[in-house]
Each structure stands twice: as C-alpha cells, then as structure tokens.
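As structure tokens, the structure follows; a few thoughts come after it.
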Number of protein chains: 2
Amino acid sequence: MQDLSRIMAEADSETVDLEIIVQGAQEGKKQELRLWLRMLSTTKLVSQEVRRRLRAEFGATLPQFDLMAQLYREGDGLRLGELSKRTMVTNGNVTGLVERLEADGMVLRVTPDGDRRVTVAKLTPKGEKLFGTMAAAHEGWLRDMMADVDPAVIAELWKDIGEVKTSVSNHLSGVDFD
Amino acid sequence: MQDLSRIMAEADSETVDLEIIVQGAQEGKKQELRLWLRMLSTTKLVSQEVRRRLRAEFGATLPQFDLMAQLYREGDGLRLGELSKRTMVTNGNVTGLVERLEADGMVLRVTPDGDRRVTVAKLTPKGEKLFGTMAAAHEGWLRDMMADVDPAVIAELWKDIGEVKTSVSNHLSGVDFD
DNA sequence: AAGCAATATTTGAAATGTCAAAGGTTTCGC
DNA sequence: GCGAAACCTTTGACATTTCAAATATTGCTT
C-alpha cells in the first residue's frame with residue numbers, strides 16, 4: 001500500500017460520511033453494489049465446491065481444468081496467448097500452468113516451424129481422456145448444485161447476466177490514473 | 001495430479017455416451033453449465049476491473065478491501081476465524097492478510113484478556129478513513145459498469161441469484177471421497 | 001542490410017489461495 | 001486438578017494470481 005498521505009489528505013478534505021457508505025444497500029440506491037456482492041459470493045461458493053471436488057476426485061485444480069477445457073475444444077491446440085485470452089488468465093500465468101500440465105503428461109508444447117516466437121499447447125491423448133471424464137462429472141455437479149432452481153429462472157439468469165456482461169464490457173477503463 | 005491410473009481405468013470402462021438419448025436434452029441439459037460459465041466469466045471481468053482500479057487509485061488489493069469491509073461494519077473488530085468465514089478466505093490466508101494490513105497501519109491486532117487463543121483484528125482510524133474513501137469509489141465503479149442494465153433487471157437478478165445461492169448452499173458436499 | 005517497432009513468451013517479485021500439520025489455550029469429564 | 005478433546009491461529013509446502021521487466025523472434029522501413 002503506497003501513497004497513503006495523498007489519499008488520506010483527500011479523505012480528510014472530504015470528510016466522507018462513514019456511517020452510510022457500506023450500510024444502506026437496502027434502500028435502492030445501491031442496487032448495483034448489492035447485486036455485485038451477491039454475484040461474487042455465489043461465484044466463490046460454487047468455485048470452492050468445484051475446486052474441492054476436482055481435487056478430491058481427480059487431483060486437478062480449477063485453473064488446470066479451465067485450461068484443458070479450452071484445448072479440448074480446439075483439437076489442434078492453441079497458442080499460449082490465445083489460451084491467455086480465453087481463460088482470462090495472464091500470460092505469465094499460462095506459462096506456469098502449461099508447464100505443470102506438461103510435467104503431468106496432460107499437455108504437449110510445440111513450437112511451429114513458421115514462427116519461433118510461438119508456443120502451441122495441445123492436449124495429449126491422456127489429457128483428452130482425463131478431461132472427458134472430468135467434464136462429465138463437472139457438468140453433473142453443476143446440475144446438482146442448481147437443482148432447486150426453476151429451469152425458467154436459469155434461462156432468464158443466463159440472458160440477464162449476458163446484459164450485465166455487455167454493460168461491464170462497455171465501461172471498462174483501459175488504464176487511467178486520476 | 002495423482003492417482004491417474006485408477007481414474008483412467010474408469011474412463012475406459014465407461015465410454016461416456018456423447019449422444020443424447022433423452023428428448024430435448026440438447027437445450028435443457030446444460031443450462032446450468034452454461035449459466036455457470038457466464039457467471040464465472042462476468043465475475044472475473046468485474047473483479048479484474050475493480051482490482052485494477054483499487055490498485056491504481058489506492059494501492060490496495062481486492063482481498064484487503066474485502067477484509068476491511070468486514071471490519072468496517074463491525075467497529076469492535078472480529079476474530080480471525082470470523083473474518084475467515086465472512087470473507088470466504090481460509091484461516092491461513094487471513095493470517096497473512098491481516099499481517100500486511102497491520103504493517104500498513106490499517107489494522108490492529110489484539111488478544112483479548114479472556115481467551116488467549118483468540119486474535120481480534122480491528123480497523124485503525126487511518127484504516128477506517130481510507131476504507132470510507134475506497135468504498136465510495138467502489139460503489140461508483142459498480143454503478144458505472146452496470147449503467148446499461150435496467151434497474152428492474154438488476155433487482156430481478158439479485159433475487160434470482162439469491163435462489164441459486166440457496167440451492168448451491170443446500171447441495172454442498174462437506175468432504176466426501178468416492 | 002541495418003535498425004526498430006510489433007509480437008509472443010518467459011521470468012521475477014509480491015500477494016493471494018488451498019490444504020494439512022503443528023502450536024498454544026481453554027474446557028470438559030472424571 | 002489431570003488428561004484428553006475441542007478450539008483458534010499460525011506455519012509450511014505448493015499452486016495461482018497480477019504486474020512489470022526482460023527475452024526472443026519476426027516484420028517493416030528505409
């Protein structure tokens with residue numbers, strides 16, 4: 001944490017009302033915040049359950065599963081940069097993930113002849129087989145977890161969250177300082 | 001990754017049938033998976049934006065912000081175990097988070113007289129002030145990001161995701177091996 | 001052909017994340 | 001009160017995460 005003095009000075013000059021800021025999410029003013037907190041906690045809940053089961057049943061991690069899912073649907077493999085975009089994982093992170101998956105024999109790394117900057121990752125047969133098993137289980141877990149939710153609600157949620165995603169995408173700050 | 005041979009054997013003996021037998025299964029079967037993938041990617045998108053801004057504007061991290069939010073609404077402080085539950089962060093992780101926040105002067109650690117097993121974390125005045133500023137900004141970011149979504153949809157989403165969360169909560173596997 | 005910008009991946013530092021095991025403390029049962 | 005069980009936090013080993021800087025390679029410009 002850096003640059004505190006400047007920030008504190010700002011806070012001082014404003015005298016933000018500390019009582020109201022976090023609390024009053026009930027009153028309609030903070031619908032977005034309230035929704036976000038609920039989305040976040042729900043996502044964490046599901047993620048942790050999925051992670052726990054992937055680990056217990058397959059000894060795999062969620063990021064590994066995600067990465068393999070992308071490779072699974074592109075039989076010819078993907079460049080690491082592509083993988084990074086699709087999994088929303090940083091480049092540096094993909095390097096390590098692929099490294100470990102390769103060590104486990106799930107993934108193969110190849111440098112194509114045309115361009116030696118590039119590394120293409122590809123599932124091995126072993127990786128494909130394991131992922132197939134995991135994917136089927138994974139789908140079942142989700143169906144179970146959401147079993148009490150009306151299918152119509154699920155469809156509605158899918159649509160509406162799509163709207164949220166679009167809105168968010170259109171309001172991202174590239175990189176800006178104040 | 002461990003225990004592969006057993007898992008592979010299972011996969012072999014099952015030969016999962018990718019063709020779907022039940023009627024209407026193409027559309028209905030994977031609704032939950034589809035919803036989950038969309039929830040996950042949307043949450044990642046928002047998280048990354050929030051993280052980027054917290055860092056750029058306040059030099060703080062998202063987990064730190066989360067933790068401070070919990071302490072903010074409990075002026076008397078919270079035991080680390082409580083913090084762990086509320087932030088959905090493991091115990092060991094809370095230790096480190098609080099350590100760093102204490103080093104930054106945002107948080108105070110106290111061992112109450114009654115029970116020396118316990119550590120209570122509490123925001124310092126400096127921490128309170130900074131959090132107040134961050135919380136106000138944070139709320140604004142979310143309002144901006146979701147600006148294109150109809151308020152009625154936001155309210156609906158909040159309600160429906162609540163249903164999802166309840167369902168998931170009721171279908172968690174404590175700890176089970178197969 | 002030399003130089004330089006653009007592209008693609010890796011590396012390194014710091015923080016966060018999980019899990020399991022280890023430490024102290026308290027409390028309960030006897 | 002003693003010893004064991006229960007409780008709370010810390011520690012340690014790894015994996016994942018981000019960002020920024022460093023490498024390496026290609027392609028463009030002149």
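First the proteins, then the strands, lettered A, B, ... as listed; each starts at 1.
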Separation of [X] atom [atom1] from [N] atom [atom2], in whole Å?
X        : N      : atom1 : atom2 : value
B/Asp104 : C/dA14 : CG    : P     : 14 Å
B/Arg116 : D/dT10 : CZ    : P     : 15 Å
B/Arg52  : D/dA20 : CZ    : P     : 11 Å
A/Leu62  : C/dC19 : CG    : P     : 12 Å
A/Glu49  : C/dT18 : CD    : P     : 14 Å
A/Gln64  : D/dC14 : CD    : C1'   : 12 Å

- Starting at the 5' end of DNA chain C and moving along, which residue's nearest nucleotide shows up first, A/Glu99 or A/Lys44?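 Checking each residue's closest nucleotide, the 5'-ward one belongs to A/Glu99.
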- Query: If you find the nucleotide of DNA chain C closest to B/Gly114 and the one closest to A/Val120, which residue's nucleotide is nearer the 5' end?
  - Reply: A/Val120
- Message: Could you check whether any side-chain N or O of B/Thr43 sits under 3.5 Å from a backbone N or O of A/Leu40, counting only pairs where one atom can act as donor and the other as acceptor?
- Response: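 No; judged by distance alone, with no hydrogens or angles, the pair does not exist.
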- Item | A/Val89 backbone acceptor or donor facing B/Lys44 side chain under 3.5 Å |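 Such a contact is absent between B/Lys44 side chain and A/Val89 backbone.
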- Task: Name all residues meeting the side chain to side chain contact (heavy atoms under 4.5 Å, CB included) criterion together with A/Arg116; count only those two or more places apart in sequence or in a different chain, and write none if there are none.
- Result: A/Thr111
- Note on the structure: What residues 79-97 of chain A contributes to the DNA chain D interface at heavy-atom separation below 4.0 Å is A/Val89, A/Thr90, A/Asn93, A/Leu97
- Examine D/dT10: is either OP1 or OP2 under 4.0 Å from a nitrogen or oxygen in the side chain of B/Arg109? Give yes or no. yes
- Does the side chain of B/Gln48 get closer than 4.0 angstrom to OP1 or OP2 of D/dT18 through an N or O atom?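 Result: yes.
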- Task: State which residues pass side-chain hydrogen bond (donor to acceptor under 3.5 Å, both in side chains) with B/Asp150; sequence neighbours excluded, sorted by chain then number.
- Result: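 B/Asp150 satisfies side-chain hydrogen bond (donor to acceptor under 3.5 Å, both in side chains) with no residue once adjacent residues are dropped.
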Look at the side chain of [X] and decide which nucleotide, out of [options], has an atom nearest to it.
X        : options                : result
B/Asp115 : D/dA24, D/dT11, C/dT26 : C/dT26
A/Arg117 : C/dT9, C/dG17, C/dT7   : C/dT7
B/Thr61  : C/dA15, D/dA15, C/dA8  : C/dA15

- Would A/Leu54 and A/His138 count as a side-chain contact (heavy atoms from CB on, under 4.5 Å) if you check the C-alpha gap in whole Å, the side-chain angles of each, and the deciding distance to 0.1 Å? CA-CA 8 Å; A/Leu54 276 177; A/His138 178 254; 5.6 Å; no
- Task: Using a cut-off of 6.0 Å, state whether more than 12 heavy atoms not belonging to B/Lys85 lie near its atom NZ.
- Result: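 For B/Lys85, atom NZ is not crowded (no more than 12 foreign heavy atoms under 6.0 Å).
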- Message: Please determine whether the number of non-hydrogen atoms from other residues, nucleotides or ligands lying under 6.0 Å from atom CG of B/Asp76 exceeds 12.
- Response: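 At most 12 heavy atoms, drawn from other residues, nucleotides or ligands, come within 6.0 Å of this atom.
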